[in-house]
There are 2 protein chains.
Amino acid sequence: MDSSQLLKGVLDLAVLAVLADRDSYGYDVVRRLREAGLEDVGDASVYGTLRRLFKAGALTSYVVASDEGPHRKYYGLNDVGRAQLASSATTWAAFAATMDDLLKELST
Amino acid sequence: MDSSQLLKGVLDLAVLAVLADRDSYGYDVVRRLREAGLEDVGDASVYGTLRRLFKAGALTSYVVASDEGPHRKYYGLNDVGRAQLASSATTWAAFAATMDDLLKELST
DNA sequence: GCCGCTATTGCGCTATGCGTAGTACTGTGC
DNA sequence: GCACAGTACTACGCATAGCGCAATAGCGGC
């Protein structure tokens, strides 16, 4: 849980944040992240993150059939996920503030 | 130069920011980063980052003898480094703003 | 039947940050 | 004079994350 996790683990946070809004499936998570501004996220990264979070016990999962294509594997937050989201969000905020401080001194 | 670099490459930015203030050597960079709030940075990571940035042509380097220990390898920004700092800082700001937006929606 | 869109999985690559160990120089205390 | 702590750097190997790419598969339109 040190901030080093944050250095690479921002995707986890982003994915959790998206799922907090509502349950979603991989393809849709990718779309929503890109719409939110993370245009460079690879689909494989998101699928990997979802599987990792699920394996870590932070997500629920259920499959839903679709009329417009193959089945969709929905993911949703459970209590563990919500806790992780809250704690990661806090860590992120602190880290971002630290970085902003560091960069702010450039102008002075 | 996509934002994916940022996901892991924040250390580069932090190191460049510290060096922008004044020339410095590895051991000192570590100290200053920790004082700035990045308490968990490993020394090996910083040394590695410095060597990588130097190899990439973003830093100058010169050795200075010291009275209080072994020699110090000082690093300083050159034009390439300053350009990289500026561009990374911009990318970081955009990325951080995006993440903050994503997280802000949690409360609504 | 083929193409494009939706949707997921698997494999291998690379870079990064980290831990640990090792080298080496200085000043202090015994 | 030597062990030791603090300073300063290097080298080796590890784990992991995100990425690119290919494969699979269902659907609708031409």
Side-chain angles (χ1 to χ4, degrees), chain A residues 1-16 23-35 38-56 58-59 61-75 88 91-92 95 99, chain B residues 1-16 23-35 38-56 58-59 61-75 84 88 91 95 99:
Chain A
M1 274 339 90
D2 44 8
S3 65
S4 73
Q5 292 308 85
L6 247 205
L7 295 173
K8 5 184 192 179
V10 199
L11 230 197
D12 288 34
L13 176 54
V15 167
L16 288 172
D23 286 11
S24 195
Y25 53 97
Y27 200 83
D28 188 48
V29 171
V30 173
R31 207 159 27 198
R32 287 163 73 191
L33 287 178
R34 295 208 171 129
E35 274 167 19
L38 301 174
E39 293 161 28
D40 295 324
V41 282
D43 49 343
S45 307
V46 172
Y47 283 114
T49 301
L50 285 170
R51 253 175 291 160
R52 230 180 307 119
L53 288 172
F54 176 70
K55 201 177 160 192
L59 302 181
S61 173
Y62 49 100
V63 171
V64 177
S66 162
D67 291 347
E68 312 140 35
H71 69 283
R72 295 168 174 170
K73 195 181 273 183
Y74 274 78
Y75 291 97
S88 293
T91 317
W92 160 259
F95 178 74
M99 285 302 296
Chain B
M1 274 347 83
D2 44 10
S3 65
S4 72
Q5 292 306 85
L6 248 206
L7 295 173
K8 6 184 191 179
V10 199
L11 229 198
D12 288 33
L13 176 55
V15 167
L16 288 171
D23 285 12
S24 194
Y25 53 98
Y27 200 82
D28 189 48
V29 171
V30 172
R31 208 159 27 199
R32 287 163 72 191
L33 287 177
R34 295 210 171 127
E35 275 166 19
L38 301 175
E39 294 160 28
D40 294 324
V41 281
D43 49 343
S45 306
V46 172
Y47 284 114
T49 301
L50 285 170
R51 251 176 289 158
R52 229 180 306 119
L53 288 172
F54 176 69
K55 201 176 161 194
L59 302 181
S61 174
Y62 50 99
V63 172
V64 176
S66 164
D67 291 347
E68 312 140 35
H71 69 282
R72 294 168 174 171
K73 193 181 274 183
Y74 275 80
Y75 291 98
Q84 184 173 337
S88 293
T91 317
F95 179 75
M99 285 302 296

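Chain identifiers are assigned alphabetically (A, B, ...) following the order of the sequence lines, protein sequences preceding nucleic acid strands; residue numbering begins at 1 within each chain. Predicted model, so just to flag it, every value in this text is computed and none were measured.
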Partners passing side chain to side chain contact (heavy atoms under 4.5 Å, CB included) against B/D12 (at least two apart in sequence or in another chain):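 With sequence neighbours excluded, B/D12 shows a side chain to side chain contact (heavy atoms under 4.5 Å, CB included) to B/T49, B/R52, B/L53, B/Q84, given in chain and number order.
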
By side chain to side chain contact (heavy atoms under 4.5 Å, CB included), which residues pair with B/Y74, not counting sequence neighbours?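 Listed in chain order: B/D23, B/Y25, B/Y62, B/V64, B/R72.
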
If you find the nucleotide of DNA chain C closest to B/G42 and the one closest to A/A44, which residue's nucleotide is nearer the 5' end?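 In this pair, the answer is A/A44.
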
In whole angstroms, how far is the [atom2] atom of [N] from the [atom1] atom of [X]?
| X | N | atom1 | atom2 | result |
| --- | --- | --- | --- | --- |
| A/D43 | C/dT8 | CG | P | 11 Å |
| B/Y47 | D/dG13 | OH | P | 21 Å |
| B/K55 | D/dT10 | NZ | C1' | 15 Å |
| B/L50 | D/dA11 | CG | C1' | 16 Å |
| A/D67 | D/dG28 | CG | P | 7 Å |
| A/Y74 | C/dT8 | OH | C1' | 14 Å |
| B/R51 | D/dA8 | CZ | P | 17 Å |
| A/L33 | D/dG18 | CG | C1' | 13 Å |

Rounded to the nearest 0.5 Å, how far does CG of B/L38 lie from CZ of B/R32?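 One gets 12.5 Å once the value is rounded to the nearest 0.5 Å.
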
Which residues pass the salt bridge (Lys or Arg N to Asp or Glu O under 4.0 Å) test with B/R31, not counting sequence neighbours?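 For B/R31, the residues satisfying salt bridge (Lys or Arg N to Asp or Glu O under 4.0 Å) (neighbours in sequence not counted) are B/D28.
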
Pick out the pairs of N or O atoms, protein on one side and nucleotides 1-7 of chain D on the other, that lie under 3.5 Å.
| residue | atom | partner | partner atom | Å |
| --- | --- | --- | --- | --- |
| D/dT7 | OP2 | B/Y27 | OH | 3.2 |

Among C/dG17, C/dT9, D/dT10, which nucleotide sits nearest the side chain of B/L11?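 Nearest to the side chain of B/L11 among the choices is C/dG17.
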
Which heavy-atom pair separates A/W92 from A/L13 by the least distance, and what is that distance?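 So the minimum-distance heavy-atom pair works out to CB-CD2, 3.5 Å.
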
Looking at B/S45, I'd like to know whether one of its side-chain N or O atoms comes within less than 4.0 Å of OP1 or OP2 on C/dC18.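 For C/dC18, OP1 or OP2 has a side-chain N or O of B/S45 closer than 4.0 Å.
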
Check whether any side-chain N or O of A/R52 sits under 4.0 Å from OP1 or OP2 of D/dA17, and answer yes or no.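 Result: yes.
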
Could you list the residues that satisfy side chain to side chain donor-acceptor pair (under 3.5 Å) with B/S45, not counting sequence neighbours?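 Counting only residues at least two positions away or on another chain, B/S45 forms no side chain to side chain donor-acceptor pair (under 3.5 Å).
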
